[in-house]
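Excluded from the calculations below are hydrogen atoms, water molecules and symmetry mates; all remaining heavy atoms, backbone and side chain alike, are included.
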Amino acid sequence: MTAPTLAIDAKSLHKRYGAKTAVEDVSLAVHPGEVLGVLGTNGAGKTTTVEMIAGLRRPDRGSVKILGLDPQQDRTKVRQLLGVQLQQAVLHSALTVDELIGLYRTFYPSPRPAEELLELVGLREQRRVRFEKLSGGQQQRLSIALALAGRPRVVILDELTTGLDPRARRQMWKTIERLVEENVTILLVSHAMEEVERLCDRIALIDAGRVIALDTPAGLVARSGAKNLDEAFVALTGKELEDAE
């Protein structure tokens, strides 16, 4: 019997920048419909890891498959299956929210309706506002809408709710929960403990370019002997939580 295809299958990823090793032997296997959190302090290698998985950086060694496809070799096919929202969006500053969503929808054969995308990220009232006039949090939400425009089966979200107020943060959590109901696979990079504890099926702790622990939120707490996920992070990484803010 053939084993089901993993949504994300990253094996032994390595990446160096000059003398610095950013990622060293990271492997992640994410099942369809699963939410995997990637947690670590700044400089731990999280963003480099997800950029290699997304095909935005080529690993020095190792391999990546998205639903069985190589994001480097099968770039066109992967773009139809993968949505990516990075922490710092670079979009055409003179275009409005409506215009950007309309543009991105043309990239896909069966995109989500524009009204649905606006509702998912709470930007209906800003639909005619140019990108450069949006607040940082609104720009973040727009980049998430664009990542979801093509009905991707796998979504990578880097710091989903950074810069969002509590109301917008809760709305984005509901959006993630809705995607899970649609069996979308999500790789979520976050510093927010409450966020990963609520949304993630499993969490990968990355430190100094390596995965040092991979378990459910409750499993990480149990294995560390801690009382909660915040304490588990400190126990397993040896670093204070404020280092991750």
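- For the pair Thr21 (side chain) and Glu24 (backbone), a donor-acceptor distance under 3.5 Å is absent.
- Of the listed residues (Leu82, Val184, Ile66), just one forms a side chain to side chain contact (heavy atoms under 4.5 Å, CB included) with Arg153, and that residue is Val184.
- Between the side chain of Thr48 and the backbone N or O of Gly45, no donor-acceptor pair lies under 3.5 Å.
- For the atom pair CG of Leu205 and CZ of Arg210, the computed distance is 15.0 Å after rounding to the nearest 0.5 Å.
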Next on the checklist: Applying salt bridge (Lys or Arg N to Asp or Glu O under 4.0 Å) to Asp215 and Arg223, what does each step give before you reach the verdict?
Outcome noted: CA-CA 9 Å; Asp215 208 333; Arg223 75 158 66 181; 3.4 Å; yes
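- Remark: the Ser190 side chain and the Glu159 side chain contain no N/O donor-acceptor pair separated by less than 3.5 Å.
- Residues Val97 and Leu134 have side chains in contact (heavy-atom distance under 4.5 Å, counting atoms from C-beta outward).
- For the atom pair NZ (Lys65) and CD1 (Ile8), the distance works out to 14.0 Å, reported to the nearest 0.5 Å.
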Next on the checklist: Asp158 vs Thr47, test: side chain to side chain donor-acceptor pair (under 3.5 Å). Steps then yes/no.
Outcome noted: CA-CA 7 Å; Asp158 191 356; Thr47 296; 3.2 Å; yes
Next on the checklist: Between Val38 and Ile206, does the side-chain contact (heavy atoms from CB on, under 4.5 Å) criterion hold? Intermediate values first, please.
Outcome noted: CA-CA 7 Å; Val38 178; Ile206 294 184; 3.6 Å; yes
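- Side-chain N or O atoms of Thr41 include none that pairs as donor or acceptor with a backbone N or O of Ala44 at under 3.5 Å.
- Between the Lys46 side chain and the Asp207 main chain, no donor and acceptor come within less than 3.5 Å of each other.
- For Glu231 (side chain) and Lys227 (main-chain N/O), a donor-acceptor pair under 3.5 Å exists by modelled atom type.
- A salt bridge does not link Arg130 with Glu99: none of the charged nitrogens is closer than 4.0 Å to a carboxylate oxygen.
- In plain terms, the two heavy atoms of Ala149 and Tyr104 that are nearest each other are CB-CB, 4.3 Å.
- Listed for the Thr5 side chain is no donor-acceptor partner under 3.5 Å among the backbone atoms of Leu67.
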Item to check | Intermediate values then yes/no, salt bridge (Lys or Arg N to Asp or Glu O under 4.0 Å), Arg16 and Asp60 | outcome: CA-CA 7 Å; Arg16 291 177 62 87; Asp60 296 332; 6.0 Å; no
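- Listed for the Gln139 side chain is a donor-acceptor partner under 3.5 Å among the backbone atoms of Phe131.
- Across Pro217 and Leu229, no two heavy atoms sit closer than the pair O-CD1, 4.1 Å.
- Remark: side-chain polar atoms of His14 are not paired, donor with acceptor, to backbone N or O of Pro59 under 3.5 angstrom.
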Next on the checklist: side-chain contact (heavy atoms from CB on, under 4.5 Å), that's the test. Do Gln72 and Arg75 meet it? Break it down for me.
Outcome noted: CA-CA 5 Å; Gln72 296 290 338; Arg75 188 177 297 270; 3.0 Å; yes
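- The backbone N or O of Ser110 sits less than 3.5 Å from a side-chain atom of Arg151, completing a donor-acceptor pair.
- At a threshold of 4.0 Å, the pair Glu116-Arg112 counts as salt-bridged, since one of the basic side-chain nitrogens sits closer than that to a carboxylate oxygen.
- Thr185 and Glu34 share no side-chain donor-acceptor pair at under 3.5 Å.
- Interatomic distance, SG of Cys200 versus CG of Leu36, reported as 7.0 Å (0.5 Å rounding).
- In this model, no donor atom of one side chain and acceptor atom of the other lie less than 3.5 Å apart for Thr96 and Arg128.
- Within the 3.5 Å criterion, the main-chain N or O of Arg58 finds a donor-acceptor partner in the side chain of Lys15.
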